[in-house]
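This report concerns only the one structure given below.
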Protein chains: 2
Amino acid sequence: MSDRFAPTGRPHQRPTASPDRRARRRAAKRARIVAEAWSLARRDGLAGISLRDLADRVDLQQPSLYAYFESKLDLYGSMFEDGQRQLLERCLAREPLADARDELVAIVEDLVRFSSEDVVRHQLLFQRTIPGFEPSDAAMEPARRFLELMTDRLRAAGVEGQSEVDLFSAIVAGLAHQQVANDPGGDRWVVLARRVVETLFTDADRPPPNRPDIERPTTQGAPQ
Amino acid sequence: MSDRFAPTGRPHQRPTASPDRRARRRAAKRARIVAEAWSLARRDGLAGISLRDLADRVDLQQPSLYAYFESKLDLYGSMFEDGQRQLLERCLAREPLADARDELVAIVEDLVRFSSEDVVRHQLLFQRTIPGFEPSDAAMEPARRFLELMTDRLRAAGVEGQSEVDLFSAIVAGLAHQQVANDPGGDRWVVLARRVVETLFTDADRPPPNRPDIERPTTQGAPQ
DNA sequence: GTCTATATTCGGATAGAC
DNA sequence: GTCTATCCGAATATAGAC
């Protein structure tokens, strides 16, 4: 028997942590769990996350995760909200550009880059691959705010009407998807994204911007 | 004891099935298994296919499936090839249109419709959802042929160069993806697909086709 | 080729003490 | 909130008889 547990004079009773301090610790741990879940998802696939592995990474036993999440689907819900918030914050962090069209291009670039950085994040946010997973209303909140932001920028650039907005979303989603599939981490599709915005979704009367680094589409004998 | 097994005069020995007859029966069973696998995937999700359930549906015991497929990933491989072949055959079945642009539009419509008809098929063919699954070279063969066909049609319509072809693929994929997500089975995005082809990927000198049912894009105050 | 029986592993989730 | 212990079910895959 060692004396490691011998009485020391200091009583057992820790100074009771204030309720909000406890809440902050809890929130921090939740955040850490979600972050490790992303990391695991990148390794094993989104559906391949194991709660045992996850618990290991955050120094918990597997059942203890249930103190933070009601179920595995609930964990996906938190990851979804986290991912949507990352996207929203990235767009808000940038200094908005004065010119409406430039700003629209910038936001599309943000989105395409965002998607290409992390394939599984893209999958959870924009593809429905987890059977039974449906984001809760709360988890959808940052997604709604992003959509709102996008709609505003489109309107400012002269794109209005549901049909136009839908078409725009579809094309941007396609670019993001291709970027993810073909050139993750690359810049190639970002350039194409800009071209699409400039050709298809801006006022035809407006003179084309003078950007020598971007080819104008010709549809005839395009180089390379 | 019934007399169901009483000797009948006809000897046990069945006329030995010819080797190719046996091969045909085997191929037919494989096809049936794949078909039921699609059906199960639609119900439970692509990753949710259970070999037990699948075996039930084709009147086999679960281990017997291993007489037809080496593993579950191998089954996904067969499904992938099957799906790609369906797409290819649909495009080849149609009478090709004389006008190159019309033909290009038609093939895009084929693809978007194809994707929207079956979400999980779209997922297996065009999204990478199953961890560890990579289509074999053999399974990729119909996919290669489809790409070839598409490249031909694009060239005929005056779209050339890797950059143009990539952009086209991205946009079509985006349309397909949106159709799947927002309006499965509907025709809405097929219409938009046509519009994209006509705006972005055809010779600007060519007069626009006279199709009163399709709005020309205005980017200003589009209705609805 | 099909079966029965079983190996093996792993999954998510719960009970209850502390 | 965290632990230990455990439940229960399901999964893919293999062995070996017929």
Side-chain angles (χ1 to χ4, degrees), chain A residues 5 12-34 36-37 40-41 43-79 129-133, chain B residues 5 12-34 36-37 40-41 43-79 129-133:
Chain A
F5 299 117
H12 252 321
Q13 151 220 33
R14 258 177 295 201
T16 310
S18 68
D20 67 330
R21 164 115 184 100
R22 197 178 303 168
R24 259 185 296 131
R25 279 193 67 84
R26 185 181 161 84
K29 186 104 189 181
R30 269 185 74 103
R32 188 181 158 205
I33 295 171
V34 169
E36 289 296 337
L40 262 172
R43 197 190 66 182
D44 300 332
L46 206 49
I49 296 176
S50 147
L51 296 187
R52 283 180 161 79
D53 290 355
L54 179 56
D56 276 352
R57 292 224 185 170
V58 297
D59 306 303
L60 284 179
Q61 293 301 312
Q62 175 255 332
S64 302
L65 289 174
Y66 285 80
Y68 295 93
F69 304 96
E70 289 183 355
S71 68
K72 198 182 182 184
L73 285 183
D74 186 38
L75 170 66
Y76 285 124
S78 294
M79 294 172 72
T129 51
I130 304 290
F133 170 65
Chain B
F5 300 116
H12 251 324
Q13 152 220 31
R14 261 177 292 201
T16 310
S18 66
D20 65 330
R21 164 117 185 100
R22 197 178 302 167
R24 261 185 294 133
R25 280 193 65 85
R26 185 181 161 84
K29 187 103 188 183
R30 268 184 75 103
R32 190 183 157 204
I33 295 171
V34 169
E36 290 296 338
L40 262 172
R43 197 189 65 183
D44 301 330
L46 206 49
I49 296 177
S50 146
L51 296 187
R52 281 177 162 76
D53 290 356
L54 179 56
D56 277 352
R57 292 226 185 168
V58 296
D59 305 304
L60 284 179
Q61 295 299 314
Q62 174 257 329
S64 302
L65 289 174
Y66 285 80
Y68 296 94
F69 304 96
E70 290 183 356
S71 68
K72 198 184 184 182
L73 285 182
D74 186 37
L75 170 66
Y76 285 124
S78 295
M79 294 172 72
T129 297
I130 305 290
F133 170 64

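No hydrogens, no waters, no symmetry mates; every other heavy atom, side chains included, goes into these values. Here is the naming used below: chain letters follow the sequence lines, and residue numbers restart at 1 for every chain.
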Between atom [atom1] in [X] and atom [atom2] in [N], what is the gap in whole Å?
{"X": "Asp56(A)", "N": "dT2(D)", "atom1": "CG", "atom2": "P", "answer": "15 Å"}
{"X": "Arg26(B)", "N": "dG1(C)", "atom1": "CZ", "atom2": "C1'", "answer": "9 Å"}
{"X": "Leu65(B)", "N": "dA11(D)", "atom1": "CG", "atom2": "C1'", "answer": "13 Å"}
{"X": "Leu46(A)", "N": "dG11(C)", "atom1": "CG", "atom2": "C1'", "answer": "16 Å"}
{"X": "Gln61(B)", "N": "dG1(C)", "atom1": "CD", "atom2": "C1'", "answer": "13 Å"}
{"X": "Tyr68(B)", "N": "dG1(C)", "atom1": "OH", "atom2": "P", "answer": "6 Å"}
{"X": "Leu54(A)", "N": "dC10(C)", "atom1": "CG", "atom2": "P", "answer": "17 Å"}
{"X": "Asp44(A)", "N": "dT9(C)", "atom1": "CG", "atom2": "P", "answer": "18 Å"}

[atom1]-[atom2] distance between [X] and [Y], expressed to the nearest 0.5 angstrom:
{"X": "Leu60(B)", "Y": "Tyr68(B)", "atom1": "CG", "atom2": "OH", "result": "6.0 Å"}
{"X": "Asp56(B)", "Y": "Glu36(B)", "atom1": "CG", "atom2": "CD", "result": "11.0 Å"}
{"X": "Ile49(A)", "Y": "Leu54(A)", "atom1": "CD1", "atom2": "CG", "result": "7.0 Å"}

Tell me, please, which residues at least two apart from Asp74(B) pass salt bridge (charged side-chain N to carboxylate O under 4.0 Å, His left out).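 Not a single residue meets the salt bridge (charged side-chain N to carboxylate O under 4.0 Å, His left out) criterion with Asp74(B).
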Any side-chain N or O of Ser64(A) below 4.0 angstrom from OP1/OP2 of dG1(D)?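 No.
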Counting only heavy atoms not in Arg32(B), do more than 12 fall under 6.0 Å of its CZ?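 Enclosed.
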Per-nucleotide protein contact string for nucleotides 12-18 of chain C, where B marks a base within reach and S marks sugar-phosphate only (heavy atoms under 4.0 Å, - for neither): BBB----
Gln62(B): partners by side-chain contact (heavy atoms from CB on, under 4.5 Å), with sequence neighbours left out: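 Residues passing side-chain contact (heavy atoms from CB on, under 4.5 Å) with Gln62(B): Leu51(B), Arg52(B), Ala55(B), Tyr66(B).
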